[in-house]
Amino acid sequence: MALISARTKISRILSTLSHNNFLSRSPFFSNGVQPVDRLHPLGGFGRSFASSAVASVEHDALGSRAMGFEILGVKDYEDYRRSLYGEITHKALLVDAVGTLVVPSQPMAQIYREIGEKYGVNYSEGEILNRYRRAYEKPWGGSRLRYVSDGKPFWQYIVSSSTGCSDSQYFEELYNYYTTNKAWHLCDPDAERVFKALRQAGVKIAIVSNFDTRLRPLLRALKCDHWFDAVAVSAEVEAEKPNPTIFLKACELLGVRPEEALHVGDDRRNDVWGARDAGCDAWLWGSDVHSFKEVAERIGVKV
């Protein structure tokens with residue numbers, strides 16, 4: 001009876017977090033209770049506001065940063081998972097790309113300006129940033145998805161709107177720059193060691209990312225493509241987070257059920273709510289967990 005009661009509580013919590021009306025979903029990304037700007041150069045941008053009502057719900061009803069699981073306590077939740085799945089609580093780890101696995105090495109506006117100078121771009125970095133935000137926040141009318149195939153039509157619109165420059169050579173240079181290891185670096189320097197330990201323990205790993213088809217060459221450029229058993233990228237799946245379809249596709253590629261998978265990402269709406277809508281477990285990077293070693297140890301794999 002105790003196990004059934006615990007399971008019922010967790011189910012109720014996740015349902016409340018994902019579907020209750022008082023957690024109104026922003027049309028853009030959310031990364032906490034304060035206004036947050038998230039810049040993904042040639043890979044995605046969003047601005048979101050989580051209201052004080054959401055903050056109050058998370059603090060008062062849930063009691064701490066780990067959201068629903070903290071109502072029972074992290075240890076209680078992990079014990080519950082082990083009672084169902086064994087010592088290792090998840091069979092698969094799904095990882096967000098930009099903001100979790102990798103981050104831009106230089107500010108987006110700086111790169112847009114520096115590369116653009118020889119093409120006549122004379123806007124300041126601040127002006128480029130503001131124009132970028134306005135362009136990105138407008139509904140994209142080219143298709144139902146922003147990142148279709150190589151994503152060039154969308155990004156040509158963003159670059160020209162941000163800089164006032166429609167030179168095709170400028171766009172191609174900027175576009176190609178963001179496929180190189182100069183443009184990006186890993187968030188966690190221990191990622192390779194941790195992922196190796198996870199896979200040796202039998203945990204499968206996949207990337208789940210809103211990105212165009214440059215993600216695969218980018219992973220190769222960063223020499224980390226071999227860390228993963230599968231890649232679910234929105235341009236190929238034809239579904240963008242928080243659409244549950246992309247998470248379900250990742251689980252299908254790994255050969256696991258959604259409830260056996262844990263997704264880790266830095267965006268509350270896209271990563272946490274989206275993954276939970278698909279039936280996966282989900283933790284917020286930078287809040288619930290702060291390193292891949294912490295992720296591994298919490299699911300029962302020693303690093």
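Hydrogens, waters and symmetry mates are skipped; everything else that's a heavy atom, side chains included, is used.
- Put simply, Ile88 and Val95 are part of the same group of oily side chains (I, L, V, M, F, W, Y) that touch within less than 4.5 Å, one to the next.
- Side-chain heavy-atom separations under 4.5 angstrom define the hydrophobic clusters, and the remaining members of the one that includes Phe247 are Leu94, Val208, Val237, Ile246, Leu254, Val256.
- Side chains of Asp271 and Val264 form no contact here, defined as non-hydrogen atoms less than 4.5 Å apart.
- Residues Val194 and Val295 are not in side-chain contact: their nearest non-hydrogen atoms beyond the backbone lie 4.5 Å or more apart.
- The shortest side-chain heavy-atom distance between Cys165 and Tyr170 falls under the 4.5 Å cut-off.
- For the side chain to side chain contact (heavy atoms under 4.5 Å, CB included) test, residues two or more places apart in sequence or in another chain that qualify with Glu87 are Arg82.
- The main-chain N or O of His290 is found under 3.5 Å from a side-chain atom of Glu294 such that the two form a donor-acceptor pair.
- Ion pairing between Asp96 and Lys241 holds under the 4.0 Å rule for side-chain N and carboxylate O.
- Taking each heavy atom of Ser234 and Tyr147 in turn, the nearest pair found is OG-CD1, 3.7 Å.
- Scanning all heavy atoms of the two residues, the minimum distance from Val159 to Thr163 falls at O-OG1, 2.7 Å.
- At a threshold of 4.5 Å between side-chain heavy atoms, the hydrophobic network of Ile, Leu, Val, Met, Phe, Trp and Tyr places Trp273 and Leu248 in two separate groups.
- Without hydrogens or angle criteria, Asn243 side chain to Ala239 main chain gives no donor-acceptor distance under 3.5 Å.
- The closest side-chain heavy-atom distance from Asn210 to Arg146 is below 4.5 Å.
- Without hydrogens or angle criteria, Glu260 side chain to Arg257 main chain gives a donor-acceptor distance under 3.5 Å.
- Pairs of residues two or more places apart, or lying in two chains, that qualify as salt bridge (Lys or Arg N to Asp or Glu O under 4.0 Å) and include a residue from residues 221-231 are Arg199-Asp229.
- When all heavy atoms are compared, the tightest approach of Arg216 to Val231 is NH2-O, 3.4 Å.
- At a cut-off of 3.5 Å, with distance as the only test, a side-chain donor of Gln110 or Glu114 sits close to an acceptor on the other residue.
- A donor-acceptor contact shorter than 3.5 Å is absent between the side chain of Ser149 and the backbone of Gly151.
- When every heavy atom of Ala197 is checked against every heavy atom of Val301, the shortest pair comes out as O-CG1, 3.8 Å.
- Here the side chain of Glu240 pairs no donor or acceptor atom with the backbone of Phe211 at under 3.5 angstrom.
- Taking the salt bridge (charged side-chain N to carboxylate O under 4.0 Å, His left out) definition, one finds that Lys152 meets it with Glu172, sequence neighbours left out.
- Listed by chain and residue number, Glu252 satisfy the salt bridge (charged side-chain N to carboxylate O under 4.0 Å, His left out) test with Lys249 (two or more places apart in sequence, or in another chain).
- Between the side chains of Glu125 and Tyr112, no donor-acceptor pair of N or O atoms lies under 3.5 Å.
- Side-chain atoms of Tyr177 and Gln106 form a donor-acceptor pair, as typed in the model, at a separation below 3.5 Å.
- Between Tyr132 and Tyr136, the two ring planes are parallel [angle under 30°; tilted spans 30° to 60°].
- Every residue was checked against the salt bridge (charged side-chain N to carboxylate O under 4.0 Å, His left out) condition with Asp150, not counting sequence neighbours, and none meets it.
- Scanning for salt bridge (charged side-chain N to carboxylate O under 4.0 Å, His left out) contacts around Lys204 gives an empty result, with sequence neighbours left out.
- Without hydrogens or angle criteria, Ser161 side chain to Ile158 main chain gives no donor-acceptor distance under 3.5 Å.
- Cys280 has its side chain within reach of Cys251: a pair of non-hydrogen atoms, C-beta onward, lies under 4.5 Å apart.
- Glu127 pairs by the side chain to side chain contact (heavy atoms under 4.5 Å, CB included) definition with Tyr123, Ser124, Arg131, not counting sequence neighbours.
- Val148 belongs to a hydrophobic cluster whose other members, connected by ILVMFWY side-chain contacts under 4.5 Å either directly or through intermediates, are Leu145.
- Salt-bridge check for Lys302 with Glu297: failed, with every basic side-chain N at 4.0 Å or more from each acidic carboxylate O.
- At a cut-off of 3.5 Å, with distance as the only test, no side-chain donor of His263 or Asp281 sits close to an acceptor on the other residue.
- The minimum heavy-atom distance between Tyr178 and Ala183, with the atom names listed, is CD2-CB, 3.8 Å.
- Note that CZ of Arg220 and OG1 of Thr179 are 10.0 Å apart. Values are rounded to the nearest 0.5 Å.
- For Gln156, the side chain to side chain contact (heavy atoms under 4.5 Å, CB included) partners are Phe171, not counting sequence neighbours.
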Would you tabulate the side-chain donor-acceptor contacts of residues 185-193 under 3.5 Å, counting partners in other chains and residues two or more places apart, or write 'none'?
unit_1: His185; atom_1: ND1; unit_2: Ser105; atom_2: OG; d: 3.0
unit_1: Asp188; atom_1: OD1; unit_2: Asp190; atom_2: N; d: 2.9
unit_1: Asp188; atom_1: OD2; unit_2: Phe292; atom_2: N; d: 2.9

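- Distance OH/Tyr119 to OG/Ser168: 8.5 Å, rounded to 0.5 Å.
- No path of Ile, Leu, Val, Met, Phe, Trp and Tyr side chains, each step under 4.5 Å between heavy atoms, connects Val103 with Leu222, placing them in separate hydrophobic clusters.
- Using a 4.5 Å heavy-atom cutoff, the side chains of Tyr80 and Thr89 are not in contact.
- Looking at heavy atoms from C-beta onward, Tyr85 lies out of side-chain contact with His90 at the 4.5 angstrom threshold.
- Taking the side chain as every heavy atom from C-beta outward, Leu129 and Met108 approach each other to under 4.5 Å.
- To the nearest 0.5 Å, the span separating CD1 on Ile207 from CG on Leu253 amounts to 12.5 Å.
- We find that Asp212 and Arg214 are joined by a salt bridge, their nearest charged nitrogen and carboxylate oxygen being less than 4.0 Å apart.
- There is a path of hydrophobic side-chain contacts, each under 4.5 Å, that joins Ile111 to Tyr157.
- Ser160 is linked by a side chain to side chain contact (heavy atoms under 4.5 Å, CB included) to Ser166, counting only residues two or more places apart in sequence or in another chain.
- Between Pro244 and Asp277, the closest heavy-atom pair is CG-CB, 3.9 Å.
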